[in-house]
Amino acid sequence: MNATPTTGARYRDALPQLYRTPFLTDGGLETTLIFHDGLDLPHFAAYDVLTREGGEDALRRYFEPYVAIARERRVGIVLETPTWRASPDWAERLGHGPDELAELNRRAVGLLEAVRDEHETDETPIVISGCVGPRGDGYVVGKAMSAEEAEAYHAVQIGTFAETAADVVTAITMTYADEAVGVVRAAQAVGLPIVISFTVETDGRLPSGQPLREAIEEIDARTDGVVAYFMVNCAHPSHFYDVLEPGSGWTDRICGLRANASRLSHAELDEAEELDEGDPEELANEYVALRERLPRLTVLGGCCGTDHRHVDAMSKAWQ
């Protein structure tokens, strides 16, 4: 059953990032809030900032430099809601009940809707993406769910997004195929376009051990190819460059990249006490070097350790 949004989702029927290039997105929200803004994020939960005095203003300050870059370059941008941890299990750990969780997800979309109303132009369409994260840790599979269990779990958050101005749902840092399949089915059930973003280890495989190619092909086979496109996030380009196969169907399905600034492994990043910001220009050049291997790459952004400086460098190097 398709849900009718109660507010103005603008791009659900035609995502502009599929045919306009480049399209930007933001960077490492959580690492920026922690290391640059000095905010405490229990369980890496950025949405919790919305419960604090001045929280919405802090999040607007994070997003606005990215929008300014997109407007300066006259390109579009996808803005991800700060809701990577805003699902039932994590909310319970943070002391948020079901009603409060739903309201916080709605407020997260509303925040980006206000940014869009203020800054969108014909040259810079602003797509609002409802961000979904893994039920478990973003680096380790842990207790795996069946696709049916994953659908039931993620339907809570995705169902809330369906009633807002969110244009698309993006599942960030997926670590194994069954959970991704469940997310896709939950989005399908409420008529929302869906993007799946996998993270990989330094060998280019998912934390589950599955090769990236097999994961993408499996999701497409089990969901009739309904995923709008795939992404890779929370990994450095050097971690997966060698596994990409130019000209193959599965690499054509990868349209977005949100890489880490650091070349460190997930285990090393977990142990790190200081933020590794890498070099923005170097990372930007590595994105450009992926063009031949990922010919449909259009959505450019960052993950851990990146900020608006990295995305600015990407947009300059790409153009």
Side-chain angles (χ1 to χ4, degrees), residues 1-6 9 12-13 15 43 45 47 80-81 83-94 96-106 108-109 128-164 166-199 206-210 212 214-234 253 256:
M1 180 177 70
N2 290 349
T4 301
T6 57
R12 284 189 191 180
D13 295 331
L15 297 175
H43 301 296
Y47 85 93
E80 293 285 349
T81 55
T83 54
W84 186 67
R85 285 298 199 214
S87 63
D89 282 7
W90 295 101
E92 184 177 0
R93 296 174 194 178
L94 289 157
H96 303 141
D99 291 342
E100 184 180 11
L101 175 63
E103 178 59 23
L104 289 168
N105 273 296
R106 285 191 289 266
V109 176
I128 297 175
S129 174
C131 183
V132 172
R135 185 175 189 174
D137 186 279
Y139 292 164
V140 180
V141 173
K143 183 180 179 181
M145 297 177 285
S146 68
E148 292 72 24
E149 290 170 329
E151 179 180 359
Y153 178 80
H154 289 292
V156 175
Q157 186 179 19
I158 292 173
T160 299
F161 287 143
E163 300 169 353
T164 71
D167 299 300
V168 61
V169 170
T170 304
I172 298 284
T173 328
M174 292 288 103
T175 60
Y176 64 102
D178 276 334
E179 184 168 21
V181 169
V183 170
V184 174
R185 292 174 179 170
Q188 276 187 287
V190 292
L192 274 168
I194 178 68
V195 173
I196 295 294
S197 184
F198 287 115
T199 188
L206 274 60
S208 65
Q210 186 176 32
L212 180 60
E214 289 184 11
I216 290 173
E217 291 179 341
E218 178 180 344
I219 304 309
D220 271 344
R222 294 173 65 183
T223 61
D224 297 322
V226 300
V227 175
Y229 57 90
F230 290 87
M231 297 177 60
V232 179
N233 81 285
C234 208
R253 296 287 280 133

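Scope of the values below: all heavy atoms of this structure, side chains included, with no hydrogens, waters or symmetry mates.
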Give me the atom names and distance for the closest heavy-atom approach of [X] to [Y].
X      : Y      : value
Arg12  : Asp167 : CG-O, 3.2 Å
Trp84  : Gly138 : CZ2-CA, 4.2 Å
Ala45  : Leu94  : CB-CD1, 3.5 Å
Gly130 : Ala166 : N-CB, 4.3 Å

Which distance, rounded to the nearest 0.5 Å, do you find between the [atom1] of [X] and the [atom2] of [Y]?
X      : Y      : atom1 : atom2 : answer
Arg85  : Leu104 : CZ    : CG    : 16.0 Å
Glu149 : Lys143 : CD    : NZ    : 7.5 Å
Phe230 : Met174 : CZ    : CE    : 12.0 Å

Side chain to side chain contact (heavy atoms under 4.5 Å, CB included) against [X], all qualifying residues, sequence neighbours excluded:
X      : value
Arg222 : Ala147, Asp178, Val181, Glu218
Ser197 : Ile172, Met231, Asn233
Ala86  : Tyr47, Thr83, Leu101, Asn105, Gln157
Val141 : Ala144, Thr175, Tyr176, Pro207, Ser208

Side chains of [X] and [Y]: closer than 4.5 Å at any heavy-atom pair?
X      : Y      : result
His154 : Glu179 : yes
Ile196 : Val184 : yes
Phe198 : Ile216 : yes
Ile158 : Leu192 : yes
Asp137 : Val140 : yes

Taking only residues two or more places apart in sequence, or in another chain, which ones meet [X] in a side chain to side chain donor-acceptor pair (under 3.5 Å)?
X      : result
Tyr153 : Ser87
Glu214 : none
Asp89  : Arg135

Please check: side-chain N/O of Thr170 versus main-chain N/O of Ser129, any donor-acceptor pairing under 3.5 Å?
no
I'd like to know if the side chain of Thr81 and the backbone of Cys131 have a donor-acceptor N/O pair within less than 3.5 Å.
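Between the backbone of Cys131 and the side chain of Thr81 there is a qualifying donor-acceptor contact (under 3.5 Å).
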Pairs flagged by salt bridge (charged side-chain N to carboxylate O under 4.0 Å, His left out) wherever residues 223-232 is involved - sequence neighbours left out:
none
Salt bridge (charged side-chain N to carboxylate O under 4.0 Å, His left out) partners of [X], counting only residues at least two apart:
X      : value
Glu148 : Arg185
Glu92  : none
Glu100 : none

Please lay out, stage by stage, how Leu206 and Thr199 fare under the test side chain to side chain contact (heavy atoms under 4.5 Å, CB included).
CA-CA 6 Å; Leu206 274 60; Thr199 188; over 6 Å; no
Pick out which of Ile219, Thr223, Val132, Val183 makes a side chain to side chain contact (heavy atoms under 4.5 Å, CB included) with Ile194.
Val183
Mind checking what makes ring pair (Phe, Tyr, Trp, His ring centres under 6.0 Å) contact with Trp90, not counting sequence neighbours?
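For Trp90 the ring pair (Phe, Tyr, Trp, His ring centres under 6.0 Å) partners, ignoring immediate neighbours, are His43.
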